Student: 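The structure is given below, and queries will be raised subsequently.
Note that this is a predicted model, so its numbers are computed, not measured. Computation of the quantities below employed the complete heavy-atom set of this structure, encompassing side-chain atoms and omitting hydrogens, waters and symmetry-equivalent molecules. Naming: A, B, ... by sequence-line order, numbering from 1 per chain.
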2 protein chains.
Amino acid sequence: MAEGHIRREAVSDQLFAVLRDRILGGELPAGAALTPERELAAGFGVNRHAVREAVKRLQQARLVEVSHGGRTQVLDWRRTAGLDLAVGIAAADTGPTVQDIARDALEMRACIGADAARLCALRCSARTAAEITAAAERHAHTGPDLTELDGTYVAWWRLIIEGSGNIAYLLAFNSLVDGMIPVADVPADLGAAEILDVEAHRRLAAHIAAREAGAAEELARELLTRSVPSAPRGCEGVRR
Amino acid sequence: MAEGHIRREAVSDQLFAVLRDRILGGELPAGAALTPERELAAGFGVNRHAVREAVKRLQQARLVEVSHGGRTQVLDWRRTAGLDLAVGIAAADTGPTVQDIARDALEMRACIGADAARLCALRCSARTAAEITAAAERHAHTGPDLTELDGTYVAWWRLIIEGSGNIAYLLAFNSLVDGMIPVADVPADLGAAEILDVEAHRRLAAHIAAREAGAAEELARELLTRSVPSAPRGCEGVRR
DNA sequence: CGGAAATACTGGTCCAACCAGTTGACCACT
DNA sequence: AGTGGTCAACTGGTTGGACCAGTATTTCCG
């Protein structure tokens with residue numbers, strides 16, 4: 001069972017990744033016309049249906065605009081693409097580095113997590129508050145395995161986000177968790193001070209149970225910003 | 001030309017919407033097996049490729065998990081789906097109402113917008129700060145047309161978000177703007193006090209230009225929370 | 001020259017296979 | 001009885017070709 005699973009990636013998935021990276025990398029600039037499906041199929045030596053599946057995904061990611069009969073146009077991803085694309089941007093070799101994206105995601109996590117803690121203290125049921133307390137305790141007694149710890153930690157935060165009653169936060173949380181899996185190094189490096197601080201988790205759970213919204217928000221923000229590198233990055237924000 | 005253009009939605013798009021709503025509506029619970037592609041094609045009277053394109057989109061939205069040879073499994077969207085799905089959730093007749101989603105999105109907008117204003121004051125270039133000031137002025141002199149006003153207002157906020165240098169914020173902003181278009185009623189109702197307060201926009205731009213991060217954050221939060229209904233919604237947060 | 005018709009694209013859909021994995025029933029062997 | 005292998009019947013993945021439905025371009029007539 002030690003053997004790694006030999007996963008053969010589907011053709012349309014590979015194609016999607018290639019086209020996505022071309023767009024995010026600037027090789028296909030906004031406004032340009034995407035190569036026609038038939039040409040792409042011929043060029044990559046695959047069937048047109050596979051190309052169509054890939055293009056359909058580009059369309060859903062709002063990276064292109066497809067018009068029946070006309071040409072498929074490349075959109076400006078900075079203006080249209082959604083949060084689910086963060087992982088793809090990191091994958092593209094051009095533009096922001098993985099570290100940049102990771103920092104941004106951590107910043108967003110702190111911002112949303114703090115507000116979710118506040119809302120959770122305001123709105124969650126007593127039962128949910130008890131669950132959060134129990135989960136904090138469970139996390140405190142989790143073995144030294146870092147992967148396992150990370151799992152219980154994420155599960156704990158999920159409870160808080162769910163308790164906030166804000167579905168947008170929940171979905172954004174999903175996007176961040178899912179997108180940061182391939183960038184798992186960062187939490188391992190900087191997150192120890194956050195994940196291992198059992199006492200802070202207990203206190204945050206207590207704040208929520210006591211309905212102390214302000215204190216919960218403050219503590220959550222402090223806890224979540226420990227992992228955010230306060231790097232003096234380039235002055236002009238979003239770079240290409 | 002008076003006839004409204006009869007836009008024939010693509011078959012795969014309709015199919016995607018139907019399956020998505022079935023999943024979000026709970027008709028296809030998490031863990032259940034999706035009907036095989038061939039059966040779906042036969043049942044809907046369409047070609048299997050159209051079904052495949054729809055399923056591929058479900059997969060990208062992380063609503064299902066497809067395994068070659070095995071059955072396609074329905075996932076728990078509350079644990080996997082990303083922010084781009086917010087609009088779909090509102091469309092499903094079961095679960096949260098459109099008002100719920102709108103409130104959540106407005107809350108998230110306030111949370112991110114405030115932090116983006118803070119970061120923008122800290123990190124944006126002088127040129128960007130000048131652009132933000134100019135855009136605020138431009139917005140102040142925009143005609144009484146509400147749609148037009150909304151456009152300049154969104155454009156102004158986009159500058160601030162971009163100036164924050166956080167790509168995650170930018171993408172989430174895109175998701176929110178894009179997702180709230182079909183729910184445009186809410187801003188029209190409650191957003192007047194926010195959109196029309198030209199003076200506050202000028203002050204916020206000035207705070208950013210003066211690098212007063214704290215003041216910028218505070219004002220942005222106050223401005224953005226005007227539209228958030230402080231409704232005493234159900235106690236237990238995320239409902240099905 | 002202007003505008004309508006013909007033409008050459010592009011994406012959208014369909015049919016009919018076949019390849020490639022998974023599953024489970026069945027049977028032979030230990 | 002339990003174990004292991006074989007095989008048939010699913011499942012999704014891919015291919016080819018054909019045709020429909022819109023759009024863009026060219027052509028050609030008035």
Side-chain angles (χ1 to χ4, degrees), chain A residues 1 3-20 22-23 28-75 80, chain B residues 1 3-20 22-23 28-75 80:
Chain A
M1 195 55 179
E3 316 292 334
H5 201 112
I6 298 180
R7 62 183 62 200
R8 310 178 46 167
E9 202 179 10
V11 173
S12 68
D13 291 348
Q14 300 178 49
L15 208 46
F16 169 74
V18 168
L19 295 175
R20 180 198 61 190
R22 281 189 186 172
I23 293 174
L28 287 171
L34 195 67
T35 311
E37 296 175 354
R38 289 174 174 82
E39 273 184 50
L40 282 175
F44 284 97
V46 300
N47 191 278
R48 196 179 144 212
H49 292 298
V51 175
R52 284 186 56 77
E53 286 179 10
V55 172
K56 205 72 185 173
R57 288 181 62 182
L58 293 177
Q59 185 184 11
Q60 174 165 341
R62 296 196 293 278
L63 293 178
V64 301
E65 188 177 31
V66 180
S67 68
H68 187 175
R71 298 215 157 133
T72 297
Q73 202 174 14
V74 177
L75 297 176
T80 59
Chain B
M1 194 56 180
E3 316 289 336
H5 200 113
I6 299 181
R7 59 182 63 208
R8 310 177 42 172
E9 201 181 10
V11 174
S12 68
D13 291 348
Q14 300 180 49
L15 208 45
F16 169 74
V18 168
L19 295 175
R20 180 198 62 189
R22 281 189 187 173
I23 293 174
L28 286 171
L34 194 67
T35 311
E37 295 176 353
R38 289 172 175 83
E39 274 184 51
L40 282 175
F44 284 98
V46 299
N47 189 274
R48 198 181 143 209
H49 289 298
V51 175
R52 282 186 58 76
E53 286 178 9
V55 172
K56 205 71 184 172
R57 290 181 61 181
L58 292 177
Q59 185 183 11
Q60 175 168 348
R62 296 196 295 278
L63 292 177
V64 301
E65 189 177 32
V66 179
S67 67
H68 187 175
R71 299 216 156 131
T72 297
Q73 203 175 13
V74 177
L75 297 176
T80 58

Student: Report, one pair per line, the protein and nucleotides 4-7 of chain C atoms (nitrogen or oxygen only) whose separation is under 3.5 Å.
Tutor:
none

Student: So does Arg48(A) reach the base of dG12(C) with its side chain, donor to acceptor, closer than 3.5 Å?
Tutor: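 Pair found.
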Student: About how many Å separate CG of Leu28(A) and CG of Leu58(A), when rounded to the nearest 0.5 Å?
Tutor: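 So the CG of Leu58(A) and the CG of Leu28(A) are separated by 9.5 Å.
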Student: Look up atom CG in Leu75(B) and atom CG in Leu34(B), then write down how far apart they are to the nearest 0.5 Å.
Tutor: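 Leu75(B) atom CG to Leu34(B) atom CG measures 10.5 Å (nearest 0.5 Å).
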Student: Who pairs with Val11(B) by side-chain contact (heavy atoms from CB on, under 4.5 Å), at least two apart in sequence or on another chain?
Tutor: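 Expected list: Val46(B), Ala50(B).
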Student: Whole Å only: how far is the CD atom of Glu37(B) from the C1' atom of dG21(C)?
Tutor: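 Nearest whole value for this atom pair: 13 Å.
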Student: Closest heavy-atom contact between Gln59(A) and Val64(A)?
Tutor: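 Answer, listing the atom of Gln59(A) first, then Val64(A): N-CG2, 3.7 Å.
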Student: Can you name the side-chain contact (heavy atoms from CB on, under 4.5 Å) partners of Arg62(A), sequence neighbours left out?
Tutor: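 Testing Arg62(A) for side-chain contact (heavy atoms from CB on, under 4.5 Å), a comparison that skips the adjacent residues, returns Thr80(A), Asp84(B), Ser175(B), Asp178(B).
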Student: Can you name the residues that form a side-chain hydrogen bond (donor to acceptor under 3.5 Å, both in side chains) with Arg48(B), not counting sequence neighbours?
Tutor: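 Scan of Arg48(B) (side-chain hydrogen bond (donor to acceptor under 3.5 Å, both in side chains), adjacent residues dropped) gives Glu37(B).
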Student: Kindly write out the residues that satisfy side-chain hydrogen bond (donor to acceptor under 3.5 Å, both in side chains) with Arg20(A), not counting sequence neighbours, or none if the list is empty.
Tutor: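 In terms of side-chain hydrogen bond (donor to acceptor under 3.5 Å, both in side chains), with neighbours along the sequence ignored, Arg20(A) is linked to no residue.
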Student: Got a sec, which residues hit side-chain contact (heavy atoms from CB on, under 4.5 Å) with Glu39(A), two or more places apart in sequence or on another chain?
Tutor: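 Expected list: Thr35(A), Pro36(A).
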Student: Kindly write out the residues that satisfy side-chain contact (heavy atoms from CB on, under 4.5 Å) with Gln14(A), not counting sequence neighbours, or none if the list is empty.
Tutor: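 Partners of Gln14(A) under the side-chain contact (heavy atoms from CB on, under 4.5 Å) test: Glu9(A).
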Student: Where do Leu63(B) and Arg57(B) land on the side chain to side chain contact (heavy atoms under 4.5 Å, CB included) test, with the steps shown first?
Tutor: CA-CA 9 Å; Leu63(B) 292 177; Arg57(B) 290 181 61 181; over 6 Å; no
Student: Taking only heavy atoms on the protein side, list every residue of residues 10-20 of chain B lying under 4.0 Å from any atom of DNA chain D, sorted numerically.
Tutor: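 Close to the strand, none.
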Student: Do you know the tightest heavy-atom contact between Ser12(A) and Ala54(A)?
Tutor: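 Smallest interatomic distance, heavy atoms only, reads O-CB, 3.6 Å.
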Student: Please tell me which of the listed nucleotides, dG12(D), dC14(C), dT15(D), lies nearest to the side chain of Arg38(B)?
Tutor: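 Within the option list, the nearest is dG12(D).
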Student: Taking side chain as C-beta onward, heavy atoms only, is Val66(B) less than 4.5 Å from Lys56(B)?
Tutor: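 With C-beta onward as the side chain, the pair stays apart.
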Student: What parts of residues 63-72 of chain A reach DNA chain C, counting only heavy atoms under 4.0 Å away?
Tutor: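 Within this stretch, Val66(A), Ser67(A), His68(A), Gly69(A), Gly70(A), Thr72(A) sit under 4.0 Å of the strand.
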Student: For DNA chain C, determine which residues of residues 52-59 of chain A have any heavy atom closer than 4.0 angstrom to one of its atoms, and list them numerically.
Tutor: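 Nucleic-acid contacts, sorted: Arg52(A).
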Student: Listed by chain and number, what are the side-chain hydrogen bond (donor to acceptor under 3.5 Å, both in side chains) partners of Asn47(B), not counting sequence neighbours?
Tutor: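 By the side-chain hydrogen bond (donor to acceptor under 3.5 Å, both in side chains) rule, Asn47(B) matches no residue at all.
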Student: Within this structure, what is the NE2-to-C1' distance between His49(A) and dG17(D), rounded to whole angstrom?
Tutor: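 The distance from NE2 of His49(A) to C1' of dG17(D) comes to 9 Å, rounded to the nearest Å.
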Student: Mind calculating the distance between CD (Glu39(B)) and P (dC10(D)) to the nearest angstrom?
Tutor: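 Nearest whole value for this atom pair: 11 Å.
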Student: Over how many whole Å does the gap from Gln73(B) atom CD to dT11(D) atom P extend?
Tutor: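 It is 16 Å, rounded to the nearest whole Å.
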